[in-house]
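Let me begin by presenting the structure, written as structure tokens, before commenting on it.
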Amino acid sequence: MTEDDLGALLSDPLLHRIPEEWPQAFLHLPWAEQRWRGRVFLVVYVLTGGQAFAWSVALSRDPEACRDNQDLVAELGDEAIAEGLDHFGEMEPDQAW
């Protein structure tokens, strides 16, 4: 990861909210891929509370899962993801977006 990539990553308001333990596999991805995979991580993390599980979903290499995940974060949009993060911990287990 170059300094420019790190700067871009840290300038993204949603990705900046990812807990600090970022896997090396994520850090070595191209910036555009980090954007959607980071958002997938955040969605799954808010819904499950499990960082390891959220990273496994976000970093999946299955082509169909990748398409589904990209579609999911595009459909949700940044505002809904940010709202989920704002209310993380307040939701009941059966609540979802």
ask   = Can you check whether Leu47 reaches Phe53 side chain to side chain, under 4.5 Å on heavy atoms?
value = no

inquiry  = Do Trp31 and Asp12 make a side-chain contact, defined as non-hydrogen atoms from C-beta onward lying under 4.5 Å apart?
reply    = yes

Donor-acceptor pairs under 3.5 Å, side chain of residues 73-81 to any protein atom, not counting sequence neighbours: which ones?
| residue | atom | partner | partner atom | Å |
| --- | --- | --- | --- | --- |
| Asp78 | OD1 | Arg39 | NE | 2.7 |
| Asp78 | OD2 | Arg39 | NH2 | 3.2 |

key: Nearest atoms (heavy-atom pairs only) where Pro19 meets Phe41   = CD-CE2, 3.6 Å

message = Using every non-hydrogen atom in the two residues, find where Cys66 and Arg37 come nearest and quote the distance to one decimal.
response = SG-NH2, 3.3 Å

request  = Specify whether Trp22 and Phe26 have parallel, tilted or perpendicular ring planes, treating 30° as the upper limit for parallel and 60° as the lower limit for perpendicular.
outcome  = perpendicular

task = Return each pair, listed once, that meets salt bridge (charged side-chain N to carboxylate O under 4.0 Å, His left out) where at least one residue sits in residues 45-57; pairs must be two or more places apart or across chains.
result = none

request  = Side-chain contact test, heavy atoms from C-beta onward, threshold under 4.5 Å: evaluate it for Val40 versus Leu72 and give yes or no.
outcome  = no

ask   = Which residue pairs pass the side chain to side chain donor-acceptor pair (under 3.5 Å) test when at least one of the two sits in residues 50-65, sequence neighbours left out?
value = Glu33-Arg61

remark   = Scanning both residues in full, the closest heavy-atom pair of Phe88 with Gly49 reads CZ-CA, 4.1 Å

key: Which atom of Asp86 lies closest to which atom of Arg17, heavy atoms considered   = OD1-NH2, 2.9 Å

query = Closest approach of Val46 and Gly84, non-hydrogen atoms and distance?
reply = CG1-O, 3.7 Å

ask   = Heavy-atom distance under 4.5 Å between the side chains of Val44 and Asn69, does that happen here?
value = no

request  = Answer yes or no: is there a side-chain heavy-atom contact under 4.5 Å between Leu29 and Leu59?
outcome  = yes

